[in-house]
There are 2 protein chains.
Amino acid sequence: METPAPRPRRVTINDIAAATGYAASTVSRALSRPGRVNAETRDRIQAAARELAYVPNTQARALTSGRTETISVLVSDVTNPFYFGLIRGTQQQLKAAGYAHLLIDSENSAELESHMLTKMRQSIDGAILAASRLSDRALAALAADLPLVAINRTVRGVQSVVIDSPSGIAQATEHLISLGHREIVYLSGPENSWANEARWRALSAAGGRHGLAVRRLGPFPAGRKSGSAAADALLNTGATAGIAFNDLLAIGMLTRLRERGVNVPGQISIVGCDDIFGADFCHPTLTTLTAPIEQAGRMAVSMLLARLENPAGPARSLVLPTHLTVRESTGPLPTTP
Amino acid sequence: METPAPRPRRVTINDIAAATGYAASTVSRALSRPGRVNAETRDRIQAAARELAYVPNTQARALTSGRTETISVLVSDVTNPFYFGLIRGTQQQLKAAGYAHLLIDSENSAELESHMLTKMRQSIDGAILAASRLSDRALAALAADLPLVAINRTVRGVQSVVIDSPSGIAQATEHLISLGHREIVYLSGPENSWANEARWRALSAAGGRHGLAVRRLGPFPAGRKSGSAAADALLNTGATAGIAFNDLLAIGMLTRLRERGVNVPGQISIVGCDDIFGADFCHPTLTTLTAPIEQAGRMAVSMLLARLENPAGPARSLVLPTHLTVRESTGPLPTTP
DNA sequence: CAAGAAATGGCAAACGGTTGCCGCATGTTG
DNA sequence: CAACATGCGGCAACCGTTTGCCATTTCTTG
């Protein structure tokens, strides 16, 4: 009977040490801080490492050095297409820097979020928190212990990358006004979402500046399914234009409006937020705030890695511009007969 | 001047040992194999662990035990929405089992794929390979060293979960035949994709059975952008129906056909594969093969974890059914005047 | 009641690197 | 040429846990 294959011994620095005649510590140095040893030594050791197909053991390295070369990216819901771009951006940038990418879904729960984070604390060098559900205090406390970048969330002392919704919302409002709309409804997303509040505030402000009526409906869960309820509620108000918390909700609304035989933009105009995958091929195609989300992911990684190299550095905060992308879902005010 | 905060000491089993008066080894046992110690001892130690907010260090654990409680999921392109469902499925199931989810993008490159895998080998307990670009030989060799589950790929000796495209393609073919189509074109995806070959073979076979003309165009990169070229090529053949390698390509084709003023399904019918996010709200909505991809992700995780518990177990292979979801993009053969 | 089995806890050696410190050999400077 | 700095390699401790082995105590069992 065969033995059940005892975990195969992998090549270690000791094997390289034995092969080259140097001490293990010298091998370690030659590999991880080449400047510390003689050039010839370095070459010999590196050659042997290649020869033996040596792969450093990250766990062992992390144990003493404390660095794991792993960053976790937390999203509130992996299935939300908004995060696709973000994940793509972080993935790209992390891979380029040789870091591993640990994906965590916090399921919209603050408890789960902080639980996962404490559990993983020792396995990661830093984290990128997209749409964190944590309170400001909790977030600040966490940031003191773990290098962090928050996406779409600003808290004192916590690095962040935020997308400039206020400016985008203002553009959208002006666009609607220019089309003749005088009453705009905001279809609210989850109440514990920071971005949701920011968008509503921006709309109120823009409405105030232009002296028009703005209202808020909801909250609605940020999914396509909630679109039906949102659409029905919007129709019920008699308003001629709606700005949805995000594209998912907006697309759900479009579907519902089509079902009910309501003409978009003939009878009502709809604006989304984020410009996710699908916004350009839904029907009608969606006017939306285009967020440079992939870039946000890349920037977040850069800021995080910069912080890791220089922990004393300043807590930077970056604001990325949005712009309105006008498509088919917005049009002139219907002429009342 | 403040000291730059030397890495904060975290609570270890030694702290618990000191606090309770037991030896570290006993603490370790009480925590990780509670049956091995006296009930009272276990309770005291676990209470102390809770008290001190002890969090086990996974790196240290991995070093001796060899198990990291981490599974990596490799996809060929994170931005492909096909993977969203898969990632969701694996994420759910892994979290439930207490495993970490390491996401890797192989960028459609076999080299990168195997490079990442060898680099990570010691940091993971197993891997799920979606759309692997590795050769059969390389894959089998890898599987001998690392517990593996391949998605949409069958190789002798490698566990797998595949989606039953042949049956789905057959359904799609019969659907098109029932609508009167006599000539079907396959819009091919990347040549190094196993699923692409499987789909084409299935279509050839189905075509043969029903005595109709099938042709193949391409290969086209599996993205929406390639849809234009694919649509133009399809129109050029004069065929009345096309089955696209995947929904991304199909949606791209719909966009192009609309641009060119071609009526779908009035003049031409389009079928996609996978039923990704967007297939139900593009215009026209897409008839497609609905793949239980999220379930595939969950099953893959289950199979992998089962294998980890019992490495000697058989290399199982699972086939998941597909079904045709008929929407607006397919219709009766246009009546030639 | 003796002998063997089972339960329980401790010791110490790993696991695979990193790093502070030391010593030797060489190079630099006045 | 003495005094000192610098370059380079080795020793050994350490990171936090797991685990094989052993000693003790407590049960079983004939």
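Every chain is numbered from 1 and lettered A, B, ... according to where its sequence line falls, protein lines coming before strand lines. If you're wondering where the values come from, they're calculated on a predicted model, not measured in any experiment.
Comparing atom distances between the Ala23(A) side chain and each of dC11(D), dG10(C), dT18(C) picks out dC11(D) as nearest. Listed nucleotides: dA12(D), dG10(C), dG16(C). Nearest to the side chain of Ser25(A): dA12(D).
For the residue pair Ser106(A)/Ser76(A), the side-chain donor-acceptor check at 3.5 Å is not satisfied.
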Please tabulate, for side-chain N and O atoms in residues 129-142 of chain B, each donor-acceptor pair with protein atoms closer than 3.5 Å (sequence neighbours left out).
from: Ser132(B); atom 1: OG; to: Glu113(B); atom 2: OE2; distance (Å): 2.6
from: Ser132(B); atom 1: OG; to: Leu134(B); atom 2: N; distance (Å): 3.1
from: Arg133(B); atom 1: NE; to: Asn108(B); atom 2: OD1; distance (Å): 3.0
from: Arg133(B); atom 1: NH2; to: Asn108(B); atom 2: OD1; distance (Å): 2.5
from: Ser135(B); atom 1: OG; to: Ala138(B); atom 2: N; distance (Å): 3.1
from: Asp136(B); atom 1: OD1; to: Arg153(B); atom 2: NH2; distance (Å): 2.7

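Contacts with DNA chain D (heavy atom under 4.0 Å) in residues 27-46 of chain A: Arg29(A), Arg36(A), Val37(A), Asn38(A), Thr41(A), listed by number.
No side-chain donor-acceptor contact under 3.5 Å links Arg307(B) to the backbone of Gln159(B). Proximity of a side-chain donor or acceptor of Asp105(B) to a complementary backbone N or O of Gln92(A) within less than 3.5 Å is not detected.
Using a cutoff of 4.0 Å between basic side-chain nitrogens and carboxylate oxygens, Glu69(A) and Arg61(A) are not scored as salt-bridged.
As a whole-Å value, the separation of Asp15(A) CG from dG16(C) P is 9 Å. Following rounding to the nearest Å, Gln122(B) (CD) and dG17(C) (P) show an atom-to-atom distance of 7 Å. Atom CG of Leu63(B) and atom P of dC15(D) are 14 Å apart (whole Å). In this entry the distance linking CG of Asn57(B) with P of dC15(C) reads 18 Å, nearest Å. Distance CZ (Arg10(B)) to P (dT17(D)): 12 Å, rounded to an integer number of Å. Between the C1' atom of dC14(D) and the CD1 atom of Ile13(B) lies a distance of 15 Å, rounded to the nearest Å. If you measure from atom CD of Glu69(B) to atom P of dT17(D), you get 14 Å, rounded to the nearest angstrom. For the pair Tyr22(B) OH and dA7(C) C1', the computed distance is 14 Å after rounding to whole Å.
Partners of Phe84(B) by ring-ring contact (aromatic ring centres under 6.0 Å, His included), not counting sequence neighbours, listed by chain and number: Phe84(A).
Here the options are Leu305(B), Thr68(B), Thr70(B), Ile124(B), the test is side-chain contact (heavy atoms from CB on, under 4.5 Å), and the partner is Tyr99(B); only Leu305(B) passes.
Regarding contacts with the backbone of dG10(D), a side-chain N or O of Thr26(A) is found under 4.0 angstrom from either OP1 or OP2.
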